[in-house]
Each structure stands twice: as C-alpha cells, then as structure tokens.
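Here the structure is laid out as structure tokens; the discussion comes afterwards.
So you know, we letter chains A, B, ... as the sequences are listed, proteins then strands, and number each from 1.
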Amino acid sequence: MPELAEVEYYRRRWDAAARGSRVRCVHVHPAAKVFRGADVAALRRGLTGARYRSSAAAAKQILVRFSGDAWLGLHLGMSGELSVAAGDYRPARHDHLVLATGGASLVFSDPRMFGRVRFDGGAGAPRWWTDLAPAILSDGFTRAGLAAFLQRRRAAPIKAILLMQERFPGIGNWMADEILWRAGLHPRRAGGSLSTAEQGRLWRECRQVCRLALARIAGVGGSLPESLNLRIPQTWLFWHRWEAGGRCPRTGGPLQRAEIGGRTTCWSPARQRLR
DNA sequence: GTGCTTGTTGGCCA
DNA sequence: GTGGCCAACAAGCA
C-alpha cells in the first residue's frame, strides 16, 4: 500500500512512540529478504543501546537517526508496515525488525518482503538518502524540470512516467491515477505529447494531490483505515477506482480500467481523452 | 485452484 | 549509452 502519505503516517507512528528513548533490545530475522545488502551485524551493534533521535520521510523512504551516528533506513515496499506494540512484544511471523525500548516495541513487518531495511554509520545522512529526487512539494520540483523530463521520456505513457521515482518521488499507483484524473489527461498519452497548458495542469495536480494526501492521511491519529474512511472524500477517484462498475465522481460516467505501464490503471474516459 | 495486489530491479532489445 | 518493456520477487486475499 504505502505511497508518500502512508509512509509519512507510519513514520509519525514510530516517532510518537519512541523519539528520545533508548533501544534496549534489537530483534532481527537476518535471513529475511528485506535485509538484502544490509550489514545486519552492524545494525544490531549500532542500534542496541542507541537513542532514537529523530526521523524523516521522503519519497517512499524513511530515515531514522539514532545516537552514535547510526542511521536506519526503511522502505515499506508493497506490504510493509510500521507499528508500535507493548514493550514485551513477541515478534510474529512477518516481523523482520523489532526495536524494544522498554516502554514500547517498534515493529517493521512486511509479508511480501519487497520492502527494505538499511543500516549506515557516519556523521551525515547516507548517500542513498541525500541522492533522493527533490520532493514534489519542494521548490526543486519545477515546471521546467517537469517539461524536460517529459521530453526525455517522450515516448512513454504518462502513467508510467509518473511512477518514476527519479522525478516523482513518493508517487505510486493510486496517486498517479488520481493526478491524471484531476488533470484531465489520458494515462496513455505519450510524455512528449503534452501541451504547455497540459504540463501546467500536471504540475499543479502533482502538488495538489501530494498536499491533500499528506494532510488527510498522514495528519491524523487513529488507524490508517479509519483515517482513509474519515478523511478521503467520496469526490476523489480513490474510492471508485477498484469497484467493478465504478463511476467517475465528477461526470457520473463509467470508469475504465486497463494495464498501462505494467500497472492496473483507472481513468474516466469522459474527461481523459487520448487526443 | 485462479487471478489479482498502492513497488522496485535487472535483463533484454531497439 | 539511453530509453521502454517485462518478468521476477513473495504472500495474502477474494
């Protein structure tokens, strides 16, 4: 599930429970694929006894800074989740990393294991983090940069382009569909075929969907499903894109679905035309 | 059993 | 070298 706003939601969950506390015990399933490429022994050494200082989310990544120059990186993949459990929590089958602080346990679980856990030591944030593309809500996400990227990817369908993290960090399948639906752009339009006005709409809706998603999904307490139900209005495509026989919340007309860019894509033919 | 799934990566080919 | 496409990864759910 996790895209930009859900990732931020999970980060806040851990942060509220553990910021400032000391890790007393580190539990890992070292064989789990989520640790691919990570030095699990160093992770265990670096986090045991370290204090949880701060955390940040960018794109679909989370970085937690611990005392002693220890940096924990998390990617939730397709089915990853961060939760907070009791201090004496016993890890379940898909819990690959559990940090017990005494008062609480921080749990990273991921059944499908497309997610990833990284560990780095050093005075500054690791390279993989500092190399992330500028956030869509930052000044670094410019119309000119967007136009240049669309030109470079001129032959690819716009839906596939929006999923490219090198330019659209944090956008996933549902956000991409939401953006294109609001901008009135057919997902199969080639990147190079957009007029200046259409590029402008795309740029604005990228920012708007990120802003709204962060405010409505990440910015509330309670469980994630509750947040979605309470905070995402029925006027979004979000609620209608998976329903069989779903209808466009703006036109009332039928929605269409097809695989584009390797992902199931939903659009409203009445407001998103190919040409 | 079948056929999906809100993500990423590497390999193949033009 | 660059860009586009697709299978693979693994588990759960309807």
Side-chain angles (χ1 to χ4, degrees), chain A residues 1-11 29 31-38 57-62 73-82 92-96 108-118 128-129 131-133 136 148-182 187-193 206 209-210 212-214 216-218 223-225 227-229 231-232 236-246 255 257-267:
Chain A
M1 164 189 303
E3 302 179 22
L4 184 80
E6 293 99 321
V7 170
E8 171 64 7
Y9 168 87
Y10 285 123
R11 181 197 70 80
H29 273 163
K33 285 210 165 61
V34 293
F35 292 105
R36 57 192 179 277
K60 297 170 189 168
Q61 313 268 356
I62 293 169
L74 302 166
H75 190 292
L76 301 178
M78 202 84 122
S79 56
E81 193 177 316
L82 304 186
R93 181 167 173 220
H94 299 302
D95 299 338
H96 309 303
F108 170 90
S109 54
D110 182 7
R112 292 175 71 180
M113 291 194 281
F114 291 175
R116 187 162 187 179
V117 177
R118 311 181 200 239
W128 65 262
W129 174 263
D131 284 350
L132 290 174
I136 289 174
F149 193 74
L150 290 174
Q151 181 54 23
R152 176 146 79 95
R153 302 293 189 165
R154 64 187 84 93
I158 185 68
K159 168 62 185 276
I161 296 175
L162 278 179
L163 295 175
M164 295 177 183
Q165 300 299 298
E166 63 192 279
R167 194 73 230 183
F168 302 95
I171 301 297
N173 206 26
W174 81 254
M175 289 181 84
D177 283 0
E178 192 78 32
I179 289 165
L180 292 173
W181 174 72
R182 286 166 182 255
R188 237 187 265 279
R189 288 280 301 279
S193 76
C206 281
V209 169
C210 286
L212 291 173
L214 282 170
R216 290 173 182 270
I217 296 173
S223 76
L224 193 51
S227 299
L228 296 180
N229 280 314
R231 302 293 299 258
I232 296 196
W236 290 30
L237 180 64
F238 182 89
W239 289 116
H240 311 275
R241 55 193 300 277
W242 297 119
E243 299 168 6
L255 294 170
R257 291 196 303 199
E259 186 170 304
I260 302 175
R263 315 303 303 276
T264 301
T265 300
C266 176
W267 71 98

Rounded interatomic separation in angstrom, taking [atom1] from [X] and [atom2] from [N]:
X      : N      : atom1 : atom2 : result
A:L162 : B:dG7  : CG    : P     : 12 Å
A:N173 : B:dT6  : CG    : C1'   : 6 Å
A:R257 : B:dC4  : CZ    : C1'   : 10 Å
A:H96  : C:dA10 : NE2   : P     : 12 Å
A:I62  : B:dG7  : CD1   : P     : 15 Å
A:L180 : B:dT6  : CG    : C1'   : 15 Å
A:D110 : C:dC9  : CG    : C1'   : 12 Å
A:H29  : C:dA11 : NE2   : P     : 13 Å

Kindly say whether [Y] contributes a backbone atom to a donor-acceptor pair with the side chain of [X] at under 3.5 angstrom?
X      : Y      : value
A:R36  : A:R116 : no
A:R241 : A:F238 : no
A:E259 : A:T265 : no
A:E8   : A:L214 : no

Over 60° means perpendicular and under 30° means parallel, so classify the ring planes of A:W236 and A:W174, tilted if in between. tilted
Give the ring-plane orientation class for A:H96 versus A:F108, where under 30° counts as parallel, over 60° as perpendicular and anything between as tilted. tilted
Does some side-chain heavy atom of A:I171 sit less than 4.5 Å from a side-chain heavy atom of A:C210? yes
Taking C-beta and beyond as the side chain, do A:L212 and A:R182 meet within less than 4.5 Å on heavy atoms? yes
If I pick the [atom1] atom on [M] and the same atom on [N], what distance separates them, to the nearest angstrom?
N     : M     : atom1 : value
B:dG3 : C:dA7 : P     : 15 Å
B:dC4 : C:dC6 : P     : 16 Å
C:dG4 : B:dT6 : C1'   : 23 Å

Restricting both atoms to N or O, compile the protein contacts to nucleotides 12-14 of chain C shorter than 3.5 Å, with distance only.
residue, atom, partner, partner atom, Å
C:dG12, OP1, A:R93, NH1, 3.3
C:dG12, OP1, A:H94, NE2, 2.7

Would you list the protein and nucleotides 3-5 of chain C atom pairs, both N or O, that sit under 3.5 Å from each other?
residue, atom, partner, partner atom, Å
C:dG3, OP1, A:R152, NH1, 3.2
C:dG3, OP2, A:R152, NH1, 2.7
C:dG4, OP1, A:A155, N, 3.3
C:dG4, OP1, A:A156, N, 3.3
C:dG4, OP2, A:R153, NH1, 3.0

Sorted by chain and number, sequence neighbours left out, side chain to side chain donor-acceptor pair (under 3.5 Å) with A:K60 holds for none
Work out which heavy atom in [X] is nearest to a heavy atom in [Y]; give both atom names and the distance.
X      : Y      : answer
A:R118 : A:A38  : CA-CB, 4.4 Å
A:A190 : A:R154 : CB-O, 3.3 Å
A:A213 : A:A5   : O-CB, 3.4 Å

Qualifying residues under side-chain contact (heavy atoms from CB on, under 4.5 Å), relative to A:A58, sequence neighbours excluded: A:W129, A:L132
Produce a footprint string for nucleotides 8-14 of chain B: one letter per nucleotide, 5' end first; B if the base is under 4.0 Å from any protein heavy atom, S if only the sugar-phosphate is, - if neither. B------
Which residue is it: A:E178, A:K159, A:R263? I am looking for the one with a side-chain hydrogen bond (donor to acceptor under 3.5 Å, both in side chains) to A:N173. A:K159
Wobble G-U and Watson-Crick pairs count when both distances are under 3.5 Å; given that, what is the 5' to 3' dot-bracket string of DNA chain B, with | for pairing to other strands? .||||.||||||||
